[in-house]
Structures are given as C-alpha cells and as structure tokens.
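To keep things clear, I will list the structure first and then write my remarks on it.
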Amino acid sequence: ISIFFFIYVGAEASFGGWIFTYTVARQLTTETVAAFLTSAFWGSLTLGRLLAIPVARRFRPRSILLADLLGCLAGIAIIVLFPNSLLAIWVGAFTVGLSMASIFPTMLSFAERRMTITGRVTGWFFVGAGAGGMFLPWLIGQLFESIGPQIMLYLIFGDMLFAIGVFAAVIIFSAQRQLQTTA
C-alpha cells in the first residue's frame, strides 16, 4: 500500500506541477490561460473530494478506486490523443483532477478494511506518499527538455497503469491472506 501511495502521489504532484509548463512549452496558449488550467485541475480535485463523500456511502472502496484509476487513465489519454487541442487539455485536466480526488482517502479506507492501521503503518503510508511526491516530478524535470513535453503525460500514464497493477496485487494478496486466516 505504501508503494501505491508512492505511485499515486507522484502522479498527482506531477500533473498539478507540470501541466502549466507542458501547455506553455507546447505553445498551445498563453501563460495566463495555462495558469487557469492548473487552477481548473486543482479545483476539480477539490470538487471531486466533496463529491466523494456521498459516493463513499454508496460504493465499496475497491469499486471507487478502480473507477478513479480508470478515470485518470482516460483523462490523460484524452490529452495524449489530441495533443494540439486546448479543449482536450482542459477536459483531460478536469477529468484527471476529478478522478484523482478520492484516491488517497479511499485507499486509506481500503487499507483499514484489510489490516490494522497503527501509527507505524500510517507513517509508512506517508513515507511512500512523500517519496512519490518528490520522485516523479523530479524525473519529469530531468527528461522534459531532452525528450520533450510529452514525456510528462507518458510517465504519468505509465505511473497510473503501474498503480492499477499494484492495486490488483494488493487485492489478490489480501484475498489470499483472508483465505489463509479462515482455513
């Protein structure tokens, strides 16, 4: 689960931190509009956190996390498929923000259902999250000029695919563990 937090927070920090630079570097708009785009991403993330409260009452954490992860992939895919469309970037950024909104709190809830959450365990969750929030944005910065702005989207897309894989592994591992304890 710490690895999941590493991956997820890296994607969130990277998208929020690099979408402005990506848009300006691609010369798709002015810096002012790119700043509004960044605000739209963070605003949709905030809106998504508010909407997540009633959603969490109706759906299981596993279902919410899967929908969120797929929504992130869809939002990034929109931008990748239409790289010269400012509208696609706006729609993609809003979709990514809305989809990312409930991942962190829902994963905490998901973890709580599968294990005892102690201060030590929570500390490891936040070590993973903090390290991810530093690593992926740094990696994008190292590759942005040499490879090009599109590297941001490819790395975040790959990161979210990896998050789905880690999430699937956590589900499988916890199911196997549950079977062992009941047998």
Side-chain angles (χ1 to χ4, degrees), residues 1-19 41-42 44-77 92-143 151-183:
I1 292 175
S2 293
I3 293 168
F4 181 89
F5 282 126
F6 176 90
I7 296 164
Y8 162 70
V9 173
E12 180 185 302
S14 295
F15 196 91
W18 282 100
I19 191 63
F41 165 73
W42 290 112
S44 67
L45 193 125
T46 302
L47 175 64
R49 292 244 165 112
L50 291 171
L51 295 174
I53 296 166
V55 169
R57 290 178 178 220
R58 293 181 160 246
F59 299 98
R60 295 182 350 197
R62 180 176 18 185
S63 302
I64 295 169
L65 285 166
L66 184 59
D68 286 343
L69 292 167
L70 293 175
C72 289
L73 288 175
I76 296 165
F94 188 83
T95 302
V96 170
L98 202 61
S99 297
M100 284 185 168
S102 66
I103 292 177
F104 196 96
T106 304
M107 182 50 100
L108 287 174
S109 175
F110 179 82
E112 185 178 40
R113 291 175 178 215
R114 284 164 172 70
M115 61 192 294
T116 303
I117 303 296
T118 64
R120 176 175 276 175
V121 169
T122 303
W124 280 111
F125 290 170
F126 282 96
V127 165
M134 291 185 299
F135 178 73
L136 190 59
W138 170 82
L139 180 61
I140 290 169
Q142 300 306 304
L143 302 173
I151 194 64
M152 177 202 93
L153 296 172
Y154 296 149
L155 285 176
I156 295 171
F157 190 85
D159 190 68
M160 296 311 294
L161 284 174
F162 188 45
I164 290 173
V166 170
F167 180 56
V170 167
I171 290 172
I172 291 167
F173 178 75
S174 66
Q176 287 175 345
R177 196 163 173 221
Q178 227 173 11
L179 286 173
Q180 290 173 351
T181 58
T182 58

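Because the structure is predicted, anything quoted here is derived from the model rather than measured.
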Got a sec, which residues hit side-chain contact (heavy atoms from CB on, under 4.5 Å) with [X], two or more places apart in sequence or on another chain?
| X | value |
| --- | --- |
| Leu153 | Phe15, Tyr22, Ile76, Ile79, Val80 |
| Leu139 | Phe135, Leu136, Leu143, Leu155 |
| Thr118 | Thr116, Arg120, Val121 |

Sequence neighbours excluded, every pair satisfying side chain to side chain donor-acceptor pair (under 3.5 Å) that has a member inside residues 59-77: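 Listed by first then second residue: Asp68-Ser102.
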When you measure from the side chain of [X] to the backbone of [Y], do you find a donor-acceptor pair of N or O atoms at a distance under 3.5 Å?
| X | Y | answer |
| --- | --- | --- |
| Ser2 | Trp124 | yes |
| Ser44 | Phe94 | yes |
| Ser174 | Ile171 | yes |

Minimum heavy-atom separation for [X] to [Y], with atom names?
| X | Y | answer |
| --- | --- | --- |
| Pro137 | Ser14 | N-OG, 3.2 Å |
| Cys72 | Val96 | O-CG2, 3.8 Å |
| Ala163 | Ile7 | CB-CG2, 3.6 Å |

Can you tell me how far [atom2] of [Y] sits from [atom1] of [X], rounded to the nearest 0.5 angstrom?
| X | Y | atom1 | atom2 | answer |
| --- | --- | --- | --- | --- |
| Met160 | Leu69 | CE | CG | 4.5 Å |
| Ser109 | Arg114 | OG | CZ | 9.5 Å |
| Glu12 | Ile103 | CD | CD1 | 8.5 Å |

Ser99: which residues meet the side-chain hydrogen bond (donor to acceptor under 3.5 Å, both in side chains) condition with it, sequence neighbours left out?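 With neighbours one apart ignored, the set is empty.
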Going by the side-chain contact (heavy atoms from CB on, under 4.5 Å) test, name the single residue among Ile140, Ile19, Leu73 that passes it with Ile156.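 Of all the options given, the one that passes is Ile140.
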Any side-chain heavy-atom pair from Ile3 and Val170 closer than 4.5 angstrom?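 A side-chain contact under 4.5 Å is absent here.
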Answer whether the closest heavy-atom distance between the side chains of Ile1 and Met115 falls below 4.5 Å.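 Touching, per the 4.5 Å side-chain cut-off.
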How would you list all residue pairs meeting ring pair (Phe, Tyr, Trp, His ring centres under 6.0 Å) that involve residues 152-171, not counting sequence neighbours?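 Output for this query lists Phe110-Phe167.
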Extract all donor-acceptor atom pairs below 3.5 Å that involve side chains of residues 46-59 and protein atoms in other chains or at least two apart in sequence.
residue	atom	partner	partner atom	Å
Thr46	OG1	Trp42	O	3.0
Arg49	NE	Ala101	O	2.4
Arg49	NH2	Ala101	O	3.4

More than 12 heavy atoms of other residues, nucleotides or ligands under 6.0 Å from CD of Glu112: yes or no?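 Not buried by this count: 12 neighbours or fewer within 6.0 Å.
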Within a 6.0 Å radius of atom CG on Leu161, are there more than 12 heavy atoms belonging to other residues, nucleotides or ligands?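 Correct, the count exceeds 12.
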Excluding sequence neighbours, so at least two apart, what forms ring pair (Phe, Tyr, Trp, His ring centres under 6.0 Å) with Tyr8?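 Not a single residue meets the ring pair (Phe, Tyr, Trp, His ring centres under 6.0 Å) criterion with Tyr8.
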For Phe5, which residues count as a ring pair (Phe, Tyr, Trp, His ring centres under 6.0 Å) partner, sequence neighbours excluded?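 Expected list: Phe104, Phe125.
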